[in-house]
There are 2 protein chains.
Amino acid sequence: MSTPVDIILKRNQLSITDSRKKILELFVNNSGALEHADIEKKTGEKFDRVTVYRTLQSFLEKGIIHTIPTSDNSVRYALCKDDCKEGHHHDNHVHFLCNECHTTMCLEDVTIPEVKLPVGFQPAEYQMVVSGTCKECR
Amino acid sequence: MSTPVDIILKRNQLSITDSRKKILELFVNNSGALEHADIEKKTGEKFDRVTVYRTLQSFLEKGIIHTIPTSDNSVRYALCKDDCKEGHHHDNHVHFLCNECHTTMCLEDVTIPEVKLPVGFQPAEYQMVVSGTCKECR
DNA sequence: ATTTCATTTGCAACTTTGTTGCATTTATAA
DNA sequence: TTATAAATGCAACAAAGTTGCAAATGAAAT
Ligand SMILES: [Mn+2]
Ligand SMILES: [Mn+2]
Ligand SMILES: [Zn+2]
Ligand SMILES: [Zn+2]
C-alpha cells in the first residue's frame, strides 16, 4: 500500500526513507509554507539537522518543493504543483505573507503579471510576494 | 563643506561618523545592491562586523536603504529614493537579479503592477523580483 | 529470505552569520 | 573646552549552514 507521500517520492526517483516521508508529509498536510526551523520542531527532533537540510535540498532539486523569497533572511519552502520538472520550477503564482499570523501561502490561482523591462534585460523568472493581512486574520 | 553623504546623514538625524560615511558612500557610488559581505570586503576590514550590522540596521530604520527579497538566504541592501520616510518605505519598483554577473539592481522606472487577490486578503506591500540576464551581460 | 551495493543517515567538527552586554571612544552641542 | 548622549570595538555567545566519513538502511538481485 503506497501512501500519497510514497507516490511522490517514487515518481521523483527518491528512495523512500523515514525522514523523507515525515518531512514530505508535513508539506502535504500543511497549507502554508514551512521554514527549516518549523520542520525541525514539527518532526520532534527526530532527525539530525543535517538530514533535514539534505532532504530539503533534494526535494528542491527534484522540483517537489520551491522556495519563497522574503525580505528578511528567512527561507520558506512550499509544495510545488505537480507539473514542476526536475530542476526547472515554473510556479508562476503570487505568494502571500500575513503580517498577523506570519504564515506564508501560495496563491495558486493568482498569476504573476508580466512587466515591461528596460531594453536589454532578459527575464527568466518572475517572483511576486504580497504581504498584508490574510483571509483568516482580518 | 558637507559631502552628499553628510547631507543624507544629517537629513536623517544620524551623527556623522567614519563608518556611516564610508558605508553610505558605497551605496551612493554603487549602482547595484550590496550584501553584508560586500560591505565588509569593500571597506577593507576597517570596521568591526558588529558596527556594519548596526549601521545597516539604522540606515534601514531611517529609510535610507531597503532590503531586496531573494529566494536564497542572502540579504541585499540598496539605496532608497529620497522620498522614503522613517520606518515607512515605499519603493514600489521591480528588482532585477542577474544570473550571470549576480548583481542585484533597482529598476526604479518599472512599477510593480497591481494584482487581484482572493477575497479576504488585505494587501499592504507588494514586492516583485525578476531574475535573468542583465543589460550588460547579454 | 538473504545477500549485495549504492544511497542515506547521524555524528563531529567546522565555517559563516548574526546578536548582546559592556567598557571605551567619539560626535555634537552647550 | 567641557559635558553628555550616542556610537564603536571587543568578547562571548547563539544560530544557521556545510563537509567528510563511518555506520545504517533501502532497493534490487539472487
Ligand atoms: Mn508557491
Ligand atoms: Mn530597490
Ligand atoms: Zn494571517
Ligand atoms: Zn549581469
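Given the structure is predicted, the values throughout are model-derived calculations rather than measurements. The sequence lines fix the lettering, A, B, ..., with proteins before strands; numbering per chain opens at 1.
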Send over the distance from [X] [atom1] to [N] [atom2], rounded to a whole Å.
X: Tyr77(A); N: dG17(D); atom1: OH; atom2: C1'; answer: 10 Å
X: Lys22(A); N: dT8(C); atom1: NZ; atom2: P; answer: 18 Å
X: Glu35(B); N: dT16(C); atom1: CD; atom2: C1'; answer: 13 Å
X: Glu40(B); N: dT15(C); atom1: CD; atom2: C1'; answer: 14 Å
X: Asp48(A); N: dA22(D); atom1: CG; atom2: P; answer: 17 Å
X: Leu60(B); N: dG18(C); atom1: CG; atom2: P; answer: 12 Å
X: His36(A); N: dA15(D); atom1: NE2; atom2: C1'; answer: 11 Å
X: Lys41(A); N: dA15(D); atom1: NZ; atom2: C1'; answer: 12 Å

Open item on the list: What contact category does Ser19(A) fall into here, base, sugar-phosphate, or nothing, at under 4.0 angstrom with non-hydrogen atoms?
Closed with: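 Touches sugar-phosphate only.
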Base, sugar-phosphate, or nothing: which does Asn73(B) touch, judged by heavy atoms less than 4.0 Å apart?
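Sugar-phosphate, backbone atoms only, no base.
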Hey, does the side-chain of Arg54(A) have a donor or acceptor N/O within less than 3.5 Å of a partner on the base of dG10(C)?
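Side chain to base: pair found, below 3.5 Å.
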Tyr53(A) and His36(A) aromatic ring geometry - parallel, tilted or perpendicular at 30°/60° bounds: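 Ring orientation of His36(A) relative to Tyr53(A): parallel.
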Proximal nucleotide (of [options]) relative to the [X] side chain:
X: Arg49(B); options: dG9(D), dG17(D), dG18(C); answer: dG18(C)
X: Leu14(A); options: dT8(D), dG17(D), dT8(C); answer: dT8(C)
X: Ser15(A); options: dT7(C), dT9(C), dG18(C); answer: dT7(C)
X: Val50(B); options: dT20(C), dA27(D), dT9(C); answer: dT20(C)
X: Arg20(A); options: dA16(D), dT8(C), dG10(C); answer: dT8(C)
X: Thr17(B); options: dT8(C), dA7(D), dG20(D); answer: dA7(D)

- Item | Step-by-step salt bridge (charged side-chain N to carboxylate O under 4.0 Å, His left out) determination, Arg76(A) to Asp38(A) | CA-CA 10 Å; Arg76(A) 312 266 164 91; Asp38(A) 295 327; over 6 Å; no
Problem set entry | Given DNA chain C, 5'-ward residue of the pair Lys10(B) and Val75(B), judged by closest heavy atom |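 With Lys10(B) and Val75(B) compared, the 5'-side residue is Val75(B).
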Going from [atom1] on [X] to [atom2] on [Y], what distance comes out if it is rounded to the nearest 0.5 angstrom?
X: Cys80(A); Y: Glu108(A); atom1: SG; atom2: CD; result: 9.0 Å
X: Gln127(A); Y: Leu97(B); atom1: CD; atom2: CG; result: 10.0 Å
X: Ile23(B); Y: Ile65(B); atom1: CD1; atom2: CD1; result: 9.0 Å

